[in-house]
Protein chains: 2
Amino acid sequence: VILAAIEAALGVARPLSGRHAIVTSGPTHEPIDPVRYIANRSSGKQGHAIAAALAALGARVTLVSGPVGIADPAGVQTVHVETAAQMLAAVEAALPADVAVCAAAVGDWRVAAAAGQKMKKDGGAPPALQLAENPDILARLSAPGPLRPRLVVGFAAETEHLAEYAAAKRARKGCDWIVANNVGGTGIMGGEENEVLLLSDEGAQAWPKLSKREVAGLLADKIGKFFA
Amino acid sequence: VILAAIEAALGVARPLSGRHAIVTSGPTHEPIDPVRYIANRSSGKQGHAIAAALAALGARVTLVSGPVGIADPAGVQTVHVETAAQMLAAVEAALPADVAVCAAAVGDWRVAAAAGQKMKKDGGAPPALQLAENPDILARLSAPGPLRPRLVVGFAAETEHLAEYAAAKRARKGCDWIVANNVGGTGIMGGEENEVLLLSDEGAQAWPKLSKREVAGLLADKIGKFFA
């Protein structure tokens, strides 16, 4: 109450004070053997910016991050993981939460049987990597139940059929909002800018091309209004 | 001649003046589709340190580097590549050279048919990734011919049977020296230290655990003596 009074006096809007947000960010790495792994081009810039923006609006933020080359955001509790299975475990350990934003590019597949020793070329035919489906963190968070966050936001990174694939994903996963972007050959993945489509019950909003920090700020504002 | 006289006067030993060295470093990334790829845990620290150490001994150095999170060494011409095929092309473009040091962790395999669009989970069984063998840069450099560097140095990163696998690799590839290390669960890959076994016609030398910079310095000194 005193803090709120001070904030009101200072004109600081902290609409997410007292709320807990979980944000996932970055890629996952799925081991093939002790030295090789399957990765993806996510830099973590968008997810980390969202974590920082939610913290700036007063939320307590748990950021669950895959392997990235960028710094942990200030004022955010960051948990570092490598695989999708580890990310799911860290997210579940961080529940309950009011809002979850799944910005990580979680590998859909892991290698079914990762080798315990480095795989060798044996002179024969190259191997085939049998893949197995990873746990679906967004679908698990979105499933009805006592621990479901009131607001679950997913991301859809597509290289074609953006609006169609994103709408199908929103329905399939059961999340509330989807932030969709086209990552095909446009410098989005790893870049500093993002051009997104936001899908919710209100329909689709096409945001202009903005810096990832600006996208994070707008999304955090929208989340703040949701909880106002 | 004037430079050599100045160096002699200053007591600076530049045994590799006038020599051209090619060094490969870092991992390769082999695309699965526009967003996913197969990678390995090489940080490039050892290869980059070797490039810097050779330059310090007077060599003109071309460093061909896969995707790494570390800076280009000063005084070295660095060529950035992603895949094994691109690394081979850059190495061949840099020939002729007096010495080649192949420190990169080149992926043995690429995905036989990388997808042009992001692969989707379609609800059926997870896919299998059919792999195809990558070009063998070390074997190509080591093959007899007018462009073979006088000294070709390979690396062997193993998780078991280190001396045995490294000796077999040296014979199979036809390189002159092999720097072998055990990368199994010891913090070598990505770490700051290295403990190597050096195989040459003189037999095997087991170097103590040293910083990667010290390993680079010792190796560059040995290369300098080879050309003295």
Side-chain angles (χ1 to χ4, degrees), chain A residues 27-43 67-70 82 105 107-112 115-134 136 139 156-162 165 168-169 172 182-186 188-190, chain B residues 27-43 67-70 82 105 107-112 115-134 136 139 156-162 165 168-169 172 182-186 188-190:
Chain A
T28 62
H29 286 181
E30 304 294 337
I32 297 171
D33 67 18
V35 300
R36 304 179 176 97
Y37 57 92
I38 296 178
N40 66 65
R41 299 186 193 283
S42 170
S43 65
V68 295
I70 59 177
E82 185 148 319
D108 287 325
W109 300 290
R110 67 181 179 280
V111 177
Q117 300 294 340
K118 185 180 174 189
M119 291 163 61
K120 307 291 290 178
K121 289 193 282 194
D122 62 3
L129 289 182
Q130 187 56 53
L131 302 180
E133 207 158 300
N134 268 330
D136 189 327
E158 305 293 349
T159 58
E160 55 182 349
H161 311 305
L162 183 62
Y165 281 177
K169 180 170 185 174
R172 193 170 66 243
N182 190 323
V183 295
T186 54
I188 297 283
M189 262 185 148
Chain B
T28 61
H29 287 181
E30 303 294 336
I32 297 171
D33 67 18
V35 300
R36 303 177 176 98
Y37 57 92
I38 297 178
N40 66 65
R41 299 186 192 284
S42 171
S43 65
V68 295
I70 59 177
E82 186 149 319
D108 286 325
W109 300 290
R110 65 183 180 279
V111 177
Q117 300 295 342
K118 185 180 174 188
M119 291 163 61
K120 308 289 291 177
K121 288 193 283 193
D122 62 2
L129 290 181
Q130 187 57 52
L131 302 180
E133 207 158 301
N134 268 329
D136 189 325
E158 306 292 349
T159 59
E160 54 183 350
H161 310 306
L162 182 62
Y165 280 178
K169 181 169 185 174
R172 194 171 65 245
N182 190 322
V183 296
T186 55
I188 297 285
M189 260 183 151

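Quick note on labels: first sequence line is chain A, next is B, and so on, each numbered from 1.
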Inter-residue atom distance B:His29.NE2 - B:Asn40.CG, 0.5 Å rounding: 7.5 Å
Report the option among A:Pro127, A:Ser42, A:Gly69 that has the most heavy-atom pairs separated by less than 4.5 Å from atoms of chain B. A:Pro127
Note: vs chain A, highest number of non-hydrogen pairs under 4.5 angstrom among B:Ile38, B:Val111, B:Asp108 is B:Asp108
What part of B:Ala105 lies closer than 4.5 angstrom to a heavy atom of chain A: side chain, backbone, both or neither? neither
Using only atom types and a distance under 3.5 Å, with no angle test, would you say the side chain of A:Arg41 pairs donor to acceptor with the backbone of B:Pro34? yes
Heavy-atom pair count under 4.5 Å with chain A, highest-scoring of B:Ala128, B:Ala39, B:Pro27: B:Ala39
Go through A:Glu30, A:Lys118, A:Gln117, A:Gln130 and name the one with the most non-hydrogen pairs under 4.5 angstrom from chain B. A:Gln117
Strictly distance-based, threshold 3.5 Å: is any side-chain N or O of B:Asn134 a donor or acceptor partner for the main-chain N or O of B:Gly107? yes
Side chain to side chain contact (heavy atoms under 4.5 Å, CB included) between A:Tyr37 and A:Glu82: does it pass, once the steps are laid out? CA-CA 10 Å; A:Tyr37 57 92; A:Glu82 185 148 319; 5.9 Å; no
Option that, when pairs with chain B are counted at under 4.5 Å, heavy atom only, ranks first among A:Glu133, A:Glu158, A:Lys121: A:Lys121
So NZ of A:Lys120 and OH of B:Tyr165: to nearest 0.5 Å the spacing works out to 6.0 Å
